[in-house]
Every structure is written in C-alpha cells, then in structure tokens.
Number of protein chains: 2
Amino acid sequence: MTDKLTLDEIAQRAGVSRTTASRVLNNRPNVRPEVRERVQQVIEETGYSPNPVARSLAIQHTHILGLVLPRRSDTVFTDPYFPVLIQGIAQACNDHEYTLGLFLLQTPEEERKLLPRIAHKGLLDGLIIQVGEIGDQLIARLLEKNVPLVVAGRPAQEIPVSYIDVDNVAGAYQAVSHLIRLGHTRIGTITGALNTTAALDRRTGYEQALREHGLPLEDALVAPGNFNESSGYQAMQQLLPHRPTAIFVASDVMVFGALRALSEAGLRVPEDMALVGYDDLPPAANAAPPLTTVHQPVLRFGEQAVEILLDILENGSVPPRRVILDTELIIRDSCGASQA
Amino acid sequence: MTDKLTLDEIAQRAGVSRTTASRVLNNRPNVRPEVRERVQQVIEETGYSPNPVARSLAIQHTHILGLVLPRRSDTVFTDPYFPVLIQGIAQACNDHEYTLGLFLLQTPEEERKLLPRIAHKGLLDGLIIQVGEIGDQLIARLLEKNVPLVVAGRPAQEIPVSYIDVDNVAGAYQAVSHLIRLGHTRIGTITGALNTTAALDRRTGYEQALREHGLPLEDALVAPGNFNESSGYQAMQQLLPHRPTAIFVASDVMVFGALRALSEAGLRVPEDMALVGYDDLPPAANAAPPLTTVHQPVLRFGEQAVEILLDILENGSVPPRRVILDTELIIRDSCGASQA
DNA sequence: TGCTGTATTGGAAGCGCTTCCAATTCCTAC
DNA sequence: GTAGGAATTGGAAGCGCTTCCAATACAGCA
C-alpha cells in the first residue's frame, strides 16, 4: 500500500537531494551525522525500501543466483539428495543476501526455451548447475556465453570450468575396503546410472579396492542401476544367483530396492548379505536395518558451491576452481560390523 | 561475450529508431514488413536478447514468482512432498514463462531478513506461500503489504486470502471408511503435527468416519505425530498396547516409522495390523508391503497454485480464490484388502 | 584573518528498456 | 490532383536507482 515510495520522495521529505538520500540508504560516507539521522528517520517512518529492479539496473547486477537442474527429472525429485542440496544452496544464498532462482530443465524443449533467460547476464549474476549426463552440452554452451558458473559434480569433459564434487572414488573405496576387512571376498556392486561421472567414479573406487586387496573383479558381480529404487531391486535380483555375500550399492535409495528384493528372497541383512550404501541422507539411519553408508556432506556441498560462485563473481573465473569434499563411512548395522 | 549489445545498437545497425526496434522485438504492429524483416535479421545475426532487468523496470513487473517455505525445515526437506510440490510449481512457471524464486525461511531471523525482499513488489510479481504453523503471522503480514499471493494449504485464520488445498477431511474420511468396510472396529490414527491445518483436518475426517459408522472415539487410539519418520515410530509404539487392528496414518513417511515399530514388535502388516497412509508419493508403491494410501495430486496442486496466482496478477485478488482438490484412495496391500 | 585542503552536497547523466504522442509517409477516394 | 484518414516512424520522457563531478561548506594552519 505504501509502495509507491521512491527515493525521490524520501529525499524531499528529508529535505535533501536524492544523491544524499541514496548515500544514507547505502551506508556510504560523506553525510553529516545529523542529516543521516534525519533521512534514516524518514525511511523508517515511511517503511520505504528501495526498488531492487531499479537498483539492479543501475549497478548492473541483481544479487540473484540461478540453480539449474538438467533432465533426468525422475531421479531429481525421487532422490532425497536434491532437496538437501537445494536446502544447502538456499541457506547459503540467504546468508549472503542473494536470491535463489530455480530452473528445472525437464525436457529438451524446456532447455531450449530457458537457455536465453539463463544465459543472459542481465537477470542472473551467476549459475550453479548440476552436472548432467555424460555428453550433455549444456555446460559447454553456457560457458561460451561467458556466464559465471560453478558445476555441482565433476563434468565429463575436461573443460576449464569450476566445479565442486565429493571424492566418489575414495568414498567407494572406503566402503568396499570395509567389507573386505570384514572378511567378505565375493563383493558385488550395484552401480548408479553409468552415464554420470558420479556412478563411474564410484565403480572405479569399488574396482580399485578389490584390486588393491588382491580380489578378482568379476563382471557378474557388477549390476547396473540408475539411482532409483526399482533399479536397486532389479539389480539385486540379478546379482543373487551369483552368490555375493556383500554388496556396495551406489546410493541409499537403491539400497532400499535391494532390501526389498532380499526380503522377498527370504534373505536377511546383514546375516545373509552385507550392504553398504552411499549418501547417508535422513532415511538411512532409520532404515531396517540402519544403513552403513558413505556420508556425503550435501549441505556443505551446497554452501560451498555458492561460495565458489561468489568468489568467481568477485575475482573472475580464471583459474577455474576445483573443490573436492571428503566423504566418511558411517558404520551402522547393514554391513554386519556391529555383530561381527 | 557479445553481451554488451543494447537495443540502441540493434536499432542503429538496422537503420531504424530504438522505438521501432522495440516494436519488432515485442512483435507489435505498425512496422512495415520489410523493416521488420531487416531488424529481425540484425537481431538474429547478433544473437541479441534484451536485458530483462531494464525491461522489468520499464514495464513494472519482472515475470518472477516467489515460492516461500516457512519454518519447520525438518519436515520441509525430509518429506518427499515438498520436492514434488516444487517440481509442479517449477513446471508451471516454465510453461507460463515465469522464473521461480525460492525462499526458505528456516529461522525467525531469516524470515525477518527476507521479508522486505519478499514483500517488495519490485522483485517478485507474486508469491506462493506454503502455509505454516497455526499462529504464524507471515501470511497476514504479507497480506497487509498488498503482495499478490496464493497460499498452499488452508490457512488457520479466516482471512480473505486465496488458497488452494486438498480435501483433507474427505481424504481421511475415505481412508477410515475403507478400514471400517474391511471389518475393523478398533481403528487408531497417527496424526500429523497438530499445529497445522492439514493434520487437524485429517484427524477430523478420521473422527467423522468413526462417528458416522457408529464407532466410538477412543482417546487412546489417537497418537500425535509430527509428519516425520521417528514420530511415526514412536506413535505406533504408543498405540500398540491399546490393541488397535488398523491405523490411519496421516502421512506415508510416518507409515514407514510405524512399519519399523511394528516389525520390531514382531507384528506383520496387514495380517496383524492394517495400515492406510496419506500422500502416495513415489516411495509408497515400493514399500514393503506396498502402501494403501490417500493420493494427493501434488503436481497438479503446484500447477494450479501458479495458475491461480497468475489469475490474480491479471484480474486482481478480489474475491479471494478458493480451490479444493480431490484425493483418491489407492488400495494396495498394507490395508489387507487384497487378501481379505 | 586569509588560504589551502578536506568533508558535504546536489545536479545531471546514465543503466537499457517501453510507450506516449507528435510528425511524417502512404493510401484511398473523390 | 488533392484532401482526409490510416499506417508508420522516431523524439523524448519516463521506470527508480547509482555515481561522477562540480560546487559549496567547513576545517586547520600560518
């Protein structure tokens, strides 16, 4: 209601020029204390707050960051990972007084339609973009438009872009090593969608652990999943005939699917089959049995992503920043360690 | 890189005035076809796209909608409900060429800090705000600032605001009636957080069903939850000694907690205890056993929310719009109907 | 008391677009 | 060939803010 207020009016009411009013509004020096006081008075009385769009136009940035989540929407809102990521990013945006714009690119047409809006340096100061499938050209295209951006997850191509990731290889390596330490020798894995670097890296960690401990790699013990529940279920069924005694599953959601297959087969966890997952989001601790899983610091991941982006905004995008966060193996019941 | 382009330059290159250039940019009439062609040519060659901020300042709206999720963050990103809601809203925003701004108000300070940004009609054209706890004054405060808004969920107070909700009373009523029809007479309920209207309404539906079917209401059979997994677990434990044979649980997430308590107690579902949940989000179908649950059309809910908001933007906020979406009981295994 | 240097102030230009309105051009009909 | 009207064009004034820069006020010093 009192919204037609402009800085001009404030200035008039306080009996100063618009310039001076602007100065006190932005806490700039060179205003006599008494004058400053008077203007502040008026601002408070009227409940004035400056028009962000006008300000943005003048200063040439908006204080808005964009988060873009490409394709694969099935996973995007079925896996608790993304909500938590969003939360971390939103939190950090709040802390730094930025506004967060959300862009879900579900279909190719949407991507095409949204691209100009995302790529234009007018609306968004910068972008956090979740890495997509291998072969996705979105990042490359954005890069050549010169938009400040940081990628969440390791991009497939070797391009000079800033990104943040968790150490997926090491996380998987830890998990599998732990199973080996518990005495397992026939260890399978259910992979994530192999058109993502995260899934690839986790499989690499699995292989590396087996190899370094002198265990053979057996193709039949590697079942492809795609990060959702049903794929975990199917992969588990596929694995069962080959009699593994332990499985490293590339995401907790797939563990739930695996658990379902196991219970249908009348097998118990961890007695008949040890399981280690990946993610450690809220559902993991309350599962039956509670999941041993590789913890990723998703909230911090999100926070850091925006901090990197802000750094780029301030200091330019060269050289590209690279941040790899550590994971931690959380030992609960599903691996059998607690009863071993 | 080619981003310093302004409409002025386009006009110059095409040999017309900025006014005319603007006209072709916005597909307005009164431009000679050949001229229009020429300008379009230049626009394409240069890859020009107009600065959205400048345009916003001129036309006095931004084409940005805000989604604000107040407090109770524990539930917000632990319950799959919200991601799906966000998805529906984002989808609809895309369809209508709006950008979505996300505001998570986790702490009171954040709320205070963000309020001006949210309430100022400069940045956001309108707001979709998730209803908060009963007693929350956020909506009222926003309302008096005259921000166009639509509430997701029924507000507690009787205020003249537009909102969209699902028919929680009817949904719960359906669920409980179904259990009664299956022959149950000792039917308990695990409620949601009773400082929300959704939880209250669902409890009302439960009571109504019992009453109308001549069954007694028994306080001991009503256990308070708060929509998260652990509360379902605890509530179930609390209910067990009173020997219900069926439970209506106010959200699927709490069903998972209940399931955990039941399995620890050595009870089987649905043989020893019939369960009906609420939500029917992806995890429900893959649960063990698959959940009978009240389906809410969350995606459509989100879409409609933005459509209502756009309607308000276009035609004013009086009278307040009220939209109540229907729910549907999805019968799977957890209620025992399939084996009865 | 007068002079130089610093702190305060406000005028005006500019951010990149839209849009009102007056000026010009083009048709058509007479 | 000309008057009248419609279609086309561009000048200029905003939208609400920031900021450069020149102008003014004030301080300290000799």
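Letters A, B, ... mirror the listed sequences (proteins, then strands); counts begin at 1.
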Engineer: List, one per line, each side-chain donor-acceptor pair under 3.5 Å for residues 27-43 of chain A, sequence neighbours excluded.
Structural biologist:
{"unit_1": "A:R36", "atom_1": "NH1", "unit_2": "A:R28", "atom_2": "O", "d": "3.3"}
{"unit_1": "A:R36", "atom_1": "NH2", "unit_2": "A:R28", "atom_2": "O", "d": "2.6"}
{"unit_1": "A:R38", "atom_1": "NH1", "unit_2": "A:A14", "atom_2": "O", "d": "2.4"}

Engineer: Within a strict 4.5 Å, meaning less than it, do heavy atoms of the B:Q130 and B:F82 side chains meet?
Structural biologist: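 A side-chain contact under 4.5 Å exists here.
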Engineer: Quick one: how far along DNA chain C does chain A reach, first to last nucleotide 5' to 3', anything under 4.0 Å to a heavy atom?
Structural biologist: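 Boundary nucleotides touching chain A, in 5' to 3' order, are C:dA7 to C:dG16.
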Engineer: Can you measure from CG (B:L104) to CD1 (A:I86) and round to the nearest 0.5 angstrom?
Structural biologist: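 One gets 8.5 Å once the value is rounded to the nearest 0.5 Å.
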Engineer: Are A:R112 and A:L115 close enough that some pair of their side-chain heavy atoms sits under 4.5 Å apart?
Structural biologist: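 Of all side-chain heavy-atom pairs linking A:L115 with A:R112, none is under 4.5 Å.
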Engineer: Are A:N26 and A:R55 linked by a side-chain donor-acceptor pair shorter than 3.5 Å?
Structural biologist: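 The criterion, which ignores hydrogens and geometry beyond distance, is satisfied for A:R55 and A:N26.
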Engineer: Which residue lies toward the 5' end of DNA chain D, A:N26 or B:P29, if each is placed at its nearest nucleotide?
Structural biologist: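 Closest to the 5' end, via its nearest nucleotide, is B:P29.
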Engineer: Indicate whether any N or O donor in one side chain lies under 3.5 Å from an N or O acceptor in the other, for B:Q106 and A:Q91.
Structural biologist: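 A pair is found: one side chain offers a donor N or O, the other an acceptor, under 3.5 Å apart.
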Engineer: For B:T99 and A:R117, does a side-chain donor sit closer than 3.5 Å to a side-chain acceptor?
Structural biologist: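 Per modelled atom types, B:T99 and A:R117 side chains form a pair under 3.5 Å.
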Engineer: Contact class for B:V35 (heavy atom, under 4.0 Å): base, sugar-phosphate, or nothing?
Structural biologist: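 The residue B:V35 makes sugar-phosphate contact but no base contact.
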Engineer: Can a salt bridge be assigned to the pair B:R13 and B:E45 using a cut-off of 4.0 Å between side-chain N and carboxylate O?
Structural biologist: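 The answer is no: the pair does not qualify as a salt bridge.
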Engineer: Can you work out whether B:V31 or B:L57 has the more 5'-proximal nearest nucleotide on DNA chain D?
Structural biologist: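 Final value for this comparison: B:V31.
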Engineer: Measure the CD1-CD distance between A:I128 and A:Q304 for me, rounded to the nearest 0.5 Å.
Structural biologist: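 Rounded to the nearest 0.5 Å, the CD1-CD separation comes to 11.5 Å.
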Engineer: Closest-nucleotide mapping onto DNA chain C: is B:A58 or B:R32 further toward the 5' terminus? I mean the 5' end.
Structural biologist: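 The residue mapped nearer the 5' terminus is B:A58.
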Engineer: Could you go over nucleotides 22-24 of chain D and give all protein N or O partners under 3.5 Å, atom names and distances?
Structural biologist:
none

Engineer: For residues 56-66 of chain A, which side-chain N or O atoms pair as donor and acceptor with protein atoms under 3.5 Å away, sequence neighbours left out?
Structural biologist:
{"unit_1": "A:S56", "atom_1": "OG", "unit_2": "A:P52", "atom_2": "O", "d": "2.8"}
{"unit_1": "A:S56", "atom_1": "OG", "unit_2": "A:H61", "atom_2": "O", "d": "3.4"}
{"unit_1": "A:T62", "atom_1": "OG1", "unit_2": "A:I64", "atom_2": "N", "d": "3.2"}
{"unit_1": "A:T62", "atom_1": "OG1", "unit_2": "A:L123", "atom_2": "O", "d": "2.7"}
{"unit_1": "A:T62", "atom_1": "OG1", "unit_2": "A:D125", "atom_2": "OD1", "d": "3.2"}

Engineer: Specify the closest pair of heavy atoms between B:V151 and B:P155, including all atoms of both residues, with the distance to one decimal.
Structural biologist: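 Closest pair (atom of B:V151, atom of B:P155, distance): CG1-CG, 4.1 Å.
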Engineer: Using a heavy-atom cut-off of under 4.0 Å over every strand shown, decide if A:N51 touches base, sugar-phosphate, or nothing.
Structural biologist: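 Sugar-phosphate, no base atom in range.
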Engineer: Contact class for A:R28 vs. all strands (heavy atom < 4.0 Å): base, sugar-phosphate, or nothing?
Structural biologist: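 Sugar-phosphate, backbone atoms only, no base.
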Engineer: Please report the end-to-end axis angle for the helix from C:dT1-D:dA30 to C:dC30-D:dG1, five pairs per end, rounded to 10 degrees.
Structural biologist: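 About 40°, once rounded to a multiple of 10°.
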Engineer: Which part of the nucleic acid, if any, lies within reach of A:I59 when heavy atoms closer than 4.0 Å are counted: base, sugar-phosphate only, or nothing?
Structural biologist: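 If one applies the 4.0 Å heavy-atom cut-off, A:I59 turns out to touch the sugar-phosphate alone, with no base involved.
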Engineer: Mind checking whether B:T196 and B:V131 have side chains closer than 4.5 Å, heavy atoms only?
Structural biologist: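 Sidechains of B:V131 and B:T196: no contact.
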Engineer: Please list residues of residues 12-21 of chain A whose heavy atoms come under 4.0 Å from any atom in DNA chain C, ordered by number; otherwise none.
Structural biologist: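 Of all residues in residues 12-21 of chain A, the ones placing a heavy atom under 4.0 Å from DNA chain C are A:V16, A:S17, A:T19, A:T20.
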Engineer: State whether B:E111 and B:R141 are salt-bridged, where the test is any N-O pair (Lys NZ or Arg NE/NH1/NH2 against Asp/Glu carboxylate O) under 4.0 Å.
Structural biologist: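 Counted as a salt bridge, because a side-chain N and a carboxylate O are separated by less than 4.0 Å.
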